[in-house]
2 protein chains.
Amino acid sequence: MTALWQCQGVTSTSTAGAVRQGSLRELNLAVVLRRIAAADRPPSRAGIAAGTGLTRATVSAVVDDLIAGRLVAEAEPAPRTGAGRPARGLVLASDGPAGLGLEVNVDYLAACVVDLTGTVRHHLVRRADLRPVSPADALERLAALAAEARAAAVRDGLTLAGAALAVPGLVDSGGLVRLAPNLGWRDVDVPALLAGHPLAEPVEGIPPLVVDNEANLAALGELHAGPPGSTSFLHITGEIGIGAGIVLDGVLYRGARGWSGEIGHIPVQPQGRPCRCGGQGCLERYAGQEAVLAAAGLAGADLPADTAATRLADLARAGDPATLTALADAGTALGVAVAGVVNLLDLDTVVLGGGYAPLAPWLRPPVVAEISRRVLTAAWSPVTVRPAALGARSAAVGGAASVVRRVVDRPVGWLARSG
Amino acid sequence: MTALWQCQGVTSTSTAGAVRQGSLRELNLAVVLRRIAAADRPPSRAGIAAGTGLTRATVSAVVDDLIAGRLVAEAEPAPRTGAGRPARGLVLASDGPAGLGLEVNVDYLAACVVDLTGTVRHHLVRRADLRPVSPADALERLAALAAEARAAAVRDGLTLAGAALAVPGLVDSGGLVRLAPNLGWRDVDVPALLAGHPLAEPVEGIPPLVVDNEANLAALGELHAGPPGSTSFLHITGEIGIGAGIVLDGVLYRGARGWSGEIGHIPVQPQGRPCRCGGQGCLERYAGQEAVLAAAGLAGADLPADTAATRLADLARAGDPATLTALADAGTALGVAVAGVVNLLDLDTVVLGGGYAPLAPWLRPPVVAEISRRVLTAAWSPVTVRPAALGARSAAVGGAASVVRRVVDRPVGWLARSG
DNA sequence: GCAATTTGTTCAGTGGTTGAATTAAATGAC
DNA sequence: GTCATTTAATTCAACCACTGAACAAATTGC
């Protein structure tokens, strides 16, 4: 078994899409499983056959395989239709494979387990200031938390099919964390440091550990938990830095080298404040956590990172004028940057996540105002701006969901496992 | 036969990827054909088998079908290898299907024919000021030019499998031109107006006419003609408006509604000059043709649109200080916007196209300067900024190439045609 | 001239889909 | 309460396209 450490979603089949004899079944397993996953009510075999164009015979055979592999179960209270033999509804199994989502952040560690149906079965958080901790120690503690989550999953009869770790920084393909400024990490080889701690069962085709940018996985979490229908959106994670996950047509876009989403350094005032990146007038200097805290008169308060947002929200709710102005200005800067992005990418939804989620009531109006002023097509069809459905849990949940999604997209790897 | 007018590349198979018996062959036809198309020297059947993982027997059978359908031919001077029976090289046929690319622009009409190998076989241009002409008349003249191109293609033994029309404006799916400000078009139903003029043979799976934004098709042209390897890039078409085509991982990204690429209205000076879009400080007001001409002291010269760029280039070459300053400023504004885009999308290449292509010697330095100042990852891996390989012909060639690409991606539609 | 080598084809075998017939399980009319 | 009707799911022979091995073809090198 070759360990497959990787960052991106590259499925690099060297055979480049050639369809061999067995691929036929492999592909149809995925088609049927996806159909069951996407349906809003448990579909019948016949319904799947009608929807996909496959024969009922084929669907039956495929479903048999899926049930035998504990990926699908029959919903017992059969959904009533009308005349005729009642259909047996098919649902994703809730006792089969599951995904493990992990997160290392400035002041907490998180681990969560998501099953095939998308339900968050467990969610563990350990608060701790990780800035003074060495990467090796931080990952050691993460591994302990992961083991706890895994034990809980096993008690439920679940099998972890893979893990995904969210890190607030630039991650190389291969899982090398190039730079995580707020953690103080540089060139940390996460897979190597976690090598002694098995996180998940080996499943063919699913990497045992994927390391990815926090903003990317948070966007996946939002894709997973958010309202259906929005398949192209920008998920903005507002923390000390500002990151964005870009989901286009339902798939996360990672960029040529996996470093997309650096929305924090979009220029919003080209001759404005100098930024640590070397540029000038970057969004981060106007809508980043430090800038907002300073404008609200809380500079140097040295709040834990995740309480800064709730503190600002409290002040805003209380009507503190400095805070309200600070949020309005930040929202305007954010709106300018977002308007540019929407003009460029023609997105229909913008999600305010991370620290922006609790501040959405105050950030949303100026963002919406800038969008409607500046986006050419806003008149034809409006852009939705909404807070993240999952809030701070997005990244860990998104990571776990990305594992589950891998199983759904290519179930044959899982089925090959247990014979 | 249902006419399939469409704008986007939506292949909306209602069966959602289900793999039926025959799809096996269908998919492998595409795999093998793509392999032949992508190879830099004519591959052998055995080489394709080794590369794809298919059996030599299967590849032979597939190739037989492709040759019978005039999509592939055997290269006669067989490429020498070493010992063993010499391989028979396979190349794309140059007498099979071809694509028709059309363009309506402010002061010219164009039609071009690209064959399967990607060679531009014919390229016709009619210069004419189309602003005073009604859409119906303009399209009538375009149809005449298209008929000419088609006749030339038929004389070569080619069969036009589809057509793509580039328009400088917002195009709805369905081919409705919502707004083409510089042509003075609004809600022009192009497919309806061209309905009387058959442009191409009906081929299953290929729409007889695709209408798309000029910038999008120009980006496809660049993908087609540019150096291989750059699969994620931004192609900027600088005219009166500024448009961009976004190619991500080798596929054109069109946005949720098909209106992506409005880079001209990215804010570069949020409190700057008011723009006709209603916003303020849009890129177009600093790097658009009118802005540059005005800054160079040529305001109101009323030059034909396509000569403005060459005129500016002449002045710059002659060392005219006003022009040099104007271009430097435009380049800086462009660089600010592009830096934001590159930070967001992690692109490795930026192509200066349209009117920017001849001005690249003067625009490139400030653009590169802003990128290296402002792009976070520029230090790790540089961003290439280069002029468009095709220049003004990009859009028509790109349209024609997009038709050809459709045939390569799904050859079964073409093969079903001639029995 | 002959062994070695590689390409391409032929052919029986097989996996997985197909389509029709069959069985299963309900509703509704009389 | 029985039976025609309706829809769901399964069974089975047929078939299509890929597989693997054997074979024929064409060239190099000794």
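- When B:L27, B:V72, B:I48 are each tested for a side-chain contact (heavy atoms from CB on, under 4.5 Å) with B:V32, only one passes: B:I48.
- Under the 4.5 Å side-chain criterion, counting only non-hydrogen atoms from C-beta, A:L160 is not in contact with A:L199.
- Atom-to-atom, CG of A:L415 to P of C:dG16 comes out at 12 Å; the value is rounded to the nearest Å.
- When all heavy atoms are compared, the tightest approach of A:V114 to A:V404 is O-CG2, 3.4 Å.
- If you measure from atom CD1 of B:I48 to atom P of C:dT6, you get 18 Å, rounded to the nearest angstrom.
- Under the 3.5 Å distance criterion, the side-chain polar atoms of A:T55 are left unmatched by any main-chain donor or acceptor of A:T58.
- The side-chain heavy atoms of A:V62 and A:V59, taken from C-beta on, include no pair separated by under 4.5 Å.
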(message) How would you summarise protein contacts on nucleotides 10-19 of chain D per nucleotide, using B for base, S for sugar-phosphate only and - for none, with heavy-atom distances below 4.0 Å?
(response) BB----BBBB
